[in-house]
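Beneath this line is the structure, given in structure tokens, with notes to follow.
Quantities reported herein were computed from a predicted structural model and do not represent experimental measurements. All chains are named by letter (A, B, ...) in the order of the sequence lines, taking the proteins before the strands, and each is independently numbered beginning at 1. Computed over heavy atoms, backbone and side chain alike; hydrogens, waters and symmetry mates excluded.
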Amino acid sequence: MTENSAFPEPCNFIEDIIVADLQSGKRATVHTRFPPEPNGYLHIGHAKSICLNFGIAKHFAEAKGQCNLRFDDTNPAKEEQEYVDSIQEDVKWLGFDWDDRCYYASDYYDKCYEFALELIRKGKAYVCELAGDQVSEYRGNPMHPGRPSPWRERSVEDNLGLFAKMTRGEVDEGKMFLRAKIDMASPNMNLRDPAIYRIKKADHHRTGSKWVVYPMYDYAHPLGDWIEGITHSICTLEFEVHRPLYDWVLETLELPNRPQQIEFARLNLTNTVMSKRLLLELVQNKLVMGWDDPRMPTLSGLRRRGYTPSSIRTFAEKIGVSKADSVVDINLLYFCIREELNAIAPRRMGVLDPVKVVLTNWPEGKVDMIEADNNPEDPGMGKRLIPFGKELWIERDDFMEVPAKKYFRLAPGAEVRLKHAYYITCKEVVKDSSGNVTELRCEVDLESRGGGSPDGRKVKGTLHWVSAEHAADVEVRLLDHLFTFENLSEVPEGRDYKEFYNPNSLVKVNAKVEPCVGELKALDRIQFMRHGYFCVDSRDSKPGAPVLNRLVELKDSWAKEQKK
RNA sequence: UGACCUAUAGUGUAAUGGUAGCACAACAGAUUCUGACUCUGUUUGUCUAGGUUCGAAUCCUGGUAGGUCAACCA
């Protein structure tokens, strides 16, 4: 039974279907498509779909697997070239390639129109003159059947004539539309004579003023799929009840080799929102800096924040594909990027909340150049020299006047190691009039250079530090969840989700950092040791003055211990 | 008072009538010049009630819970 190894091992239920189709001979090839509407920016939910569709094409290379990029641009009022450009950029950035197969639903307007005429001739479509509110009244509701439009039984000739009139622009918007003649009593609302063409006197981003009638998604999509030879048309769950209509269009037109629509559950992530509409609201309400705000789940936001394309692909692979509604823990995304950056991000030291350390026994004016690994995970990344002097900055958190249980950082009389450098012991705490620590006077063990001592004594705590004389000042942006809820569905009825906006989702601090951090370029990624991974903001940085976004924190078992 | 879909550890996802796995998270420990990484171990699951079967997470029926559907949006 394992002889049929010509087909790859399926990775999810959709690939199960594809393998079965290949095995049964229903399909000889595999052809998918990613069909965004160019009316907004792509987000990580789209990335799931992109990885799925292009991933299937790659996985089934033996079956001539291909994936098209197709812009679903059937609504001229909403779609713009700007979005087409950003979508192409994002798909490429994610690491996928549509070769020469970038198509547009608008490429098929002529064919869609011909098919519409054929539907009319078959008596399967008619021009309806009901007004909007009348249409919905006639349509009934899910519990009660609709009733036929008074225009339902027009002759083929009348319909042809009226549709031509619509097409010539002789009818006002909303006065007439073309409907499929299916079943006004169907329990599926989508089959109650759905609109397939409407009048829109708006310029289209690609066809200009050529058309005044435009096909609806439910009609144009199956045709676009069929024209491109799509075998498996993958979409999200909300289109499930549209599938009978998708099939109706293709069957009624008696088209051979019909594509099959398969639905999967869209991605939801904890502590954020994922719909274009809500994301747009955040931008419009200036709750974020823009679509590419590093807190946004948009691909442009994730890119600016510092996520690598491969970390997002790994994430998409790990979350899997199913038909069950779900909310994925954002921690899994964090895990994916940490795992990757741990291996490749250069280590640097930066103090986010500095307190001064003065080494009382360090020779005045002496500067020691300390050698440090750029990445202990990869010796090939080399070493660098860091200046060390009499006055240093360390993290305020790394000192406790009255140390807590299990605290093994600096405290009065305690000895710690300064990473790569020397052991120091705290001898004196200097405070201001209100009791805040302003300076720690410490003694350095000159014998411990390099971070070890000749007598081999153990020092449990190791702190990062920066020479006060040489430190660069940079703006660091501490990023956190956009929303305090874990799941959008937790927002009580009648309350606005924006009430759960996290005002601390962006906190700017002035950090003291190693001199070489000042030389970083846009999108460079580093690890500030003991803090996390940071990426140079591509919008707000200036030459010699990088702004660093905290991409993700390092795991912190001390913080957990403290919460207990 | 409808149709369709879904239900497996905290989360996500496998098991395709035959030993309920994996990843993340959590917890405990080892290691550590990052309280990181790494390593070891542990806890936790088939919505429910029936039925079919030698055997059910899987098939059937009823229930429960959640989702989707009443744009001339996609």
Side-chain angles (χ1 to χ4, degrees), chain A residues 10-13 16 20 35-37 39 72-75 77-79 105 128 130-132 135-137 139-146 173-179 186-192 194-200 213-214 216-218 220-221 235-244 263 265 270 276 318-336 338-339 342-343 347 349 372-373 376-377 406-409 417-421 423 450-452 459-464 486 489 527-532 553-561:
Chain A
C11 293
N12 53 57
F13 82 97
D16 287 346
E37 180 186 15
N39 71 341
D72 228 319
D73 56 351
T74 54
N75 187 349
K78 290 188 178 176
E79 294 140 7
C128 181
L130 249 24
V135 176
S136 67
E137 188 209 320
R139 186 121 55 201
N141 65 46
M143 263 67 86
H144 298 287
E173 271 185 37
K175 293 295 182 199
M176 289 183 189
F177 66 113
L178 188 69
R179 305 177 75 166
S186 170
N188 183 339
M189 297 294 291
N190 294 291
L191 262 21
R192 319 245 265 227
I196 59 177
Y197 263 93
R198 79 289 210 191
I199 299 168
K200 286 232 180 232
V213 291
Y214 290 92
M216 302 289 291
Y217 165 88
D218 280 316
H221 203 88
C235 64
T236 45
L237 245 28
E238 66 269 26
F239 292 103
E240 204 156 27
V241 286
H242 294 238
R243 187 171 1 116
E263 310 84 14
T270 54
K276 278 185 197 170
K318 282 183 188 292
I319 59 175
V321 179
S322 77
K323 293 189 72 163
D325 284 305
S326 60
V327 183
V328 174
D329 192 333
I330 187 75
N331 281 306
L332 184 58
L333 218 209
Y334 293 160
F335 169 82
C336 292
R338 274 197 207 106
E339 183 184 46
N342 178 48
R347 270 49 169 180
M349 291 196 284
D373 291 325
E377 303 286 326
K406 297 185 187 174
Y407 187 81
F408 47 78
R409 302 177 187 176
R417 171 169 38 232
L418 294 178
K419 179 78 185 172
H420 304 301
Y423 291 1
V459 172
K460 184 91 168 142
T462 301
L463 312 184
H464 59 275
E486 196 163 87
S489 67
Q527 180 196 97
F528 275 137
M529 300 192 90
R530 305 208 302 138
H531 278 303
E553 288 178 85
L554 249 29
K555 278 208 262 182
D556 186 349
S557 57
W558 169 243
K560 259 182 215 168
E561 184 68 35

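- When the nearest nucleotides of RNA chain B are assigned to A:P10 and A:N342 by heavy-atom distance, the more 5′-ward of the two goes with A:P10.
- Here the side chain of A:K560 is nearest to one of B:C27, B:U13, B:G35, namely B:C27.
- Rounded to whole Å, the separation between the P atoms of B:A28 and B:A36 comes to 13 Å.
- Comparing A:N12 and A:K419 by the nucleotide of RNA chain B whose heavy atom lies nearest to each, the residue mapping closer to the 5' end is A:N12.
- When heavy atoms are screened at a 4.0 angstrom cut-off, A:G532 is found touching no nucleic acid atom at all.
- Residue A:R409 is in base contact, counting any heavy-atom pair closer than 4.0 Å across all strands shown.
- Separation of the C1' atoms belonging to B:A57 and B:U42 is 25 Å when rounded to the nearest angstrom.
- For B:A71, the glycosidic angle deviates from 0 by 90° or less, giving a syn base.
- For an aromatic pair to be called close, the ring centres must be under 6.0 Å apart, and A:H242 with A:H221 fails this.
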Base contacts versus sugar-phosphate-only contacts with protein, heavy atoms under 4.0 Å: please encode nucleotides 62-72 of chain B as B, S and - from 5' to 3'.
-----SSSB-B

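- In RNA chain B, the stems built from three or more successive Watson-Crick or G-U pairs (distances below 3.5 Å) are B:2-7 with B:64-69, B:10-13 with B:21-24, B:26-30 with B:38-42, B:47-51 with B:59-63.
- For A:E37, the side-chain atoms get nearest to B:C73 when compared with the rest of B:U34, B:C73, B:G12.
- Comparing the C1' positions of B:A30 and B:U16 gives an interatomic distance of 41 Å, to the nearest angstrom.
- When the P atom is used for both B:A14 and B:G50, the distance is 29 Å, rounded to whole Å.
- For A:S322, a side-chain nitrogen or oxygen approaches OP1 or OP2 of B:U13 to under 4.0 Å.
- Atom name P, nucleotides B:G51 and B:G41: the rounded distance is 42 Å, in whole Å.
- No contact: A:V459 has no heavy atom under 4.0 Å from any strand.
- Counting any heavy atom pair closer than 4.0 Å across all strands shown, A:K323 reaches sugar-phosphate atoms only and no base atom.
- Base engagement by A:Q527 is indicated by at least one non-hydrogen atom pair under 4.0 Å involving a base atom.
- The residue A:D16 sits close to a base: some heavy atom pair falls under 4.0 Å.
- Rounded to a whole angstrom, the distance from the P atom of B:A20 to that of B:U44 is 15 Å.
- Cation-pi geometry between A:K200 and A:Y214 is not met at under 6.0 angstrom from the ring centre and within 45 degrees of the axis.
- When heavy atoms are screened at a 4.0 angstrom cut-off, A:P145 is found touching no nucleic acid atom at all.
- A donor-acceptor contact under 3.5 Å is not formed by the side chain of A:R530 with the base of B:G35.
- Residue contacts for A:R243: at a heavy-atom cut-off of 4.0 Å it reaches no nucleic acid atom on any strand shown.
- Residue A:M143 has its side chain nearest to B:G2 when only B:G2, B:U13, B:C37 are considered.
- As judged by a 4.0 angstrom heavy-atom cut-off over every strand, A:Y407 is placed among the base-contacting residues.
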